[in-house]
Amino acid sequence: MKTIAINGSPRKGWNTSILVEEALKGAASRGSETELVNLYDLNFKGCISCFECKRRGGKSFGRCAFGDELKPVLDRIRDCDALIIGSPIYIGEITAAARALFERLTFQYVTYSKDRATFFTRRIPTVLIYTMNVSESVLDSIGYTEKFKFYEARFNQLIGPAKTLVSTETWQTTDYSKYEMTMFDGDARKIRREEIFPQDKRKAFELGAGLAAR
Ligand SMILES: Cc1cc2nc3c(=O)[nH]c(=O)nc-3n(C[C@H](O)[C@H](O)[C@H](O)COP(=O)(O)O)c2cc1C
């Protein structure tokens with residue numbers, strides 16, 4: 001069994017990558033082989049609408065044909081047994097890199113056929129991890145819960161069952177006083193990082209272990 005984890009944050013060693021790696025450790029604890037991909041190390045674009053993945057009889061039918069640095073990752077994902085994808089929320093969405101991955105990963109499997117839902121020939125589980133500034137109490141009212149459900153549904157339709165972990169009010173910088181960001185209480189965030197974030201890490205580990213337990 002092989003699990004591939006994607007860190008969709010530009011920051012290594014920060015909130016998203018910590019949770020993604022924790023989930024990967026969970027999968028490893030159940031005997032899964034693991035691979036971590038830092039998206040921001042790769043030079044790639046979103047879907048370019050070449051339509052080669054939909055060309056009848058084409059050599060790339062059902063698979064992304066765009067040969068940049070994401071292509072080998074998409075090919076390895078095609079053959080893996082479980083996926084972990086993490087992203088911070090940037091301006092109300094997943095990061096541009098994570099969204100570009102989402103386009104490329106899912107559109108190759110989208111069919112415009114009446115009789116077939118996906119070109120993916122297996123079903124593999126995915127854990128989706130999001131980190132963000134906002135508090136849990138506003139997730140519904142600002143539309144984030146709906147957004148997370150949308151991504152779960154797309155994975156479920158095209159790739160396999162997806163579960164979501166949401167980590168809120170993350171510790172964004174080691175010293176809030178150095179930056180103009182008075183709407184946040186840096187001390188409170190640090191305490192949250194020490195007391196609540198470890199719970200998110202445990203949840204990530206368990207979700208990762210759950211991927212391999214299937
Ligand atoms: C460009 C940018 C935009 C952001 N936009 C939002 C946002 O719209 N909503 C939110 O809750 N947090 C937002 N954040 C905060 C990050 O989502 C949060 O700090 C996250 O945990 C960072 O992940 P990282 O530590 O893995 O880099 C933004 C941060 C940056 C740098």
Side-chain angles (χ1 to χ4, degrees), residues 3-28 34-46 70 73 83-103 105 126-152 154-155 162-208 211:
T3 304
I4 295 182
I6 312 274
N7 171 29
S9 169
R11 303 200 298 175
K12 291 174 189 167
W14 275 86
N15 299 286
T16 311
S17 85
I18 289 171
L19 295 180
V20 162
E21 284 176 47
E22 217 46 42
L24 206 51
K25 280 183 205 161
T34 62
E35 177 185 345
L36 174 67
V37 176
N38 284 296
L39 267 194
Y40 280 80
D41 285 347
L42 305 178
N43 189 6
F44 71 100
K45 291 187 165 69
L70 190 66
V73 177
L83 255 183
I84 297 160
I85 301 177
S87 176
I89 296 299
Y90 278 9
I91 326 291
E93 249 306 338
I94 56 175
T95 61
R99 180 72 194 188
L101 164 78
F102 176 71
E103 286 177 6
L105 175 62
T126 301
V127 168
L128 297 167
I129 298 172
Y130 306 95
T131 74
M132 66 210 68
N133 255 331
V134 296
S135 69
E136 200 176 343
S137 62
V138 303
L139 292 178
D140 288 355
S141 63
I142 62 175
Y144 284 18
T145 306
E146 203 178 329
K147 192 175 302 292
F148 303 147
K149 279 195 187 139
F150 161 81
Y151 282 111
E152 257 190 16
R154 295 308 283 162
F155 274 85
K163 290 188 176 164
T164 297
L165 173 64
V166 176
S167 181
T168 55
E169 294 180 271
T170 53
W171 193 46
Q172 197 167 8
T173 170
T174 52
D175 187 350
Y176 279 67
S177 71
K178 282 190 182 153
Y179 306 96
E180 181 53 48
M181 46 199 308
T182 46
M183 70 186 281
F184 302 121
D185 179 342
D187 293 337
R189 287 295 172 102
K190 190 156 192 299
I191 291 167
R192 192 178 165 85
R193 165 67 157 222
E194 285 155 8
E195 293 176 1
I196 306 293
F197 194 67
Q199 294 173 23
D200 293 340
K201 283 174 69 176
R202 267 196 298 283
K203 286 180 199 160
F205 186 94
E206 279 159 22
L207 283 169
L211 285 172

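Counting starts at 1 for both ligands and their atoms, following the listed order. These numbers come from a predicted model, not from an experiment. We number each residue from 1, following the sequence as shown.
Between I91 and ligand 1, at least one N/O pair is under 3.5 Å apart. Taking any N or O of T16, backbone or side chain, at least one lies under 3.5 Å from an N or O belonging to ligand 1. For ligand 1, the polar-atom distance check finds an N/O of T131 within less than 3.5 Å of one of the ligand's N/O atoms.
The G92 neighbourhood of ligand 1 comprises atoms 7 (C), 8 (O), with distances under 4.0 Å to a heavy atom of that residue. Close approach to R11 involves these atoms of ligand 1, each under 4.0 Å from a residue heavy atom: 24 (P), 25 (O), 27 (O). Remark: ligand 1 atoms within the under-4.0 Å shell around heavy atoms of P88 are 17 (O), 20 (C), 22 (C), 23 (O).
Under the side chain to side chain donor-acceptor pair (under 3.5 Å) criterion, R154 pairs with Q157, sequence neighbours left out.
Closest to atom 9 (N) of ligand 1 among all protein heavy atoms lies Y144 OH, 2.9 Å. Of the protein's heavy atoms, Q172 NE2, 3.4 Å lies nearest to atom 29 (C) of ligand 1. Summary of contacts: the protein heavy atom closest to atom 18 (C) of ligand 1 is T170 OG1, 3.5 Å. The nearest heavy-atom contact from the protein to atom 2 (C) of ligand 1 is Y90 CD1, 3.5 Å. Scanning the protein heavy atoms around atom 13 (C) of ligand 1, the nearest turns out to be I89 O, 3.0 Å.
Ring geometry for F148 against Y130 counts as parallel: the plane angle stays under 30°, on a 0 to 90° scale with 60° as the upper cut.
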Check: Under the side chain to side chain contact (heavy atoms under 4.5 Å, CB included) criterion, do I94 and Y151 qualify, and how do the steps go?
Finding: CA-CA 10 Å; I94 56 175; Y151 282 111; 3.5 Å; yes
Notebook entry, point to check: Yes or no on side chain to side chain donor-acceptor pair (under 3.5 Å) for N15 and T131, after CA distance, side-chain angles and deciding distance?
Noted result: CA-CA 7 Å; N15 299 286; T131 74; 5.4 Å; no
Checklist line | salt bridge (Lys or Arg N to Asp or Glu O under 4.0 Å) between E206 and K203, worked out | finding: CA-CA 5 Å; E206 279 159 22; K203 286 180 199 160; over 6 Å; no
Check: Is there a salt bridge (Lys or Arg N to Asp or Glu O under 4.0 Å) between E194 and K190 once you walk through the steps?
Finding: CA-CA 6 Å; E194 285 155 8; K190 190 156 192 299; 3.0 Å; yes
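Heavy atoms of W171 come nearer than 4.0 angstrom to ligand 1 in no pair at all.
Between I142, I18, T168, N133, it is N133 that holds the heavy atom closest to atom 11 (O) of ligand 1.
Annotation: the span from E93 atom CD to S87 atom OG amounts to 8.5 Å, rounded to 0.5 Å.
Nearest heavy atoms, T170 versus R189: O-NH1, 2.8 Å.
When the shell of 6.0 Å around CD of E146 is examined, it contains 12 or fewer heavy atoms from other residues, nucleotides or ligands.
Under 4.0 angstrom from ligand 1, the non-hydrogen atoms of V134 come from both its backbone and its side chain.
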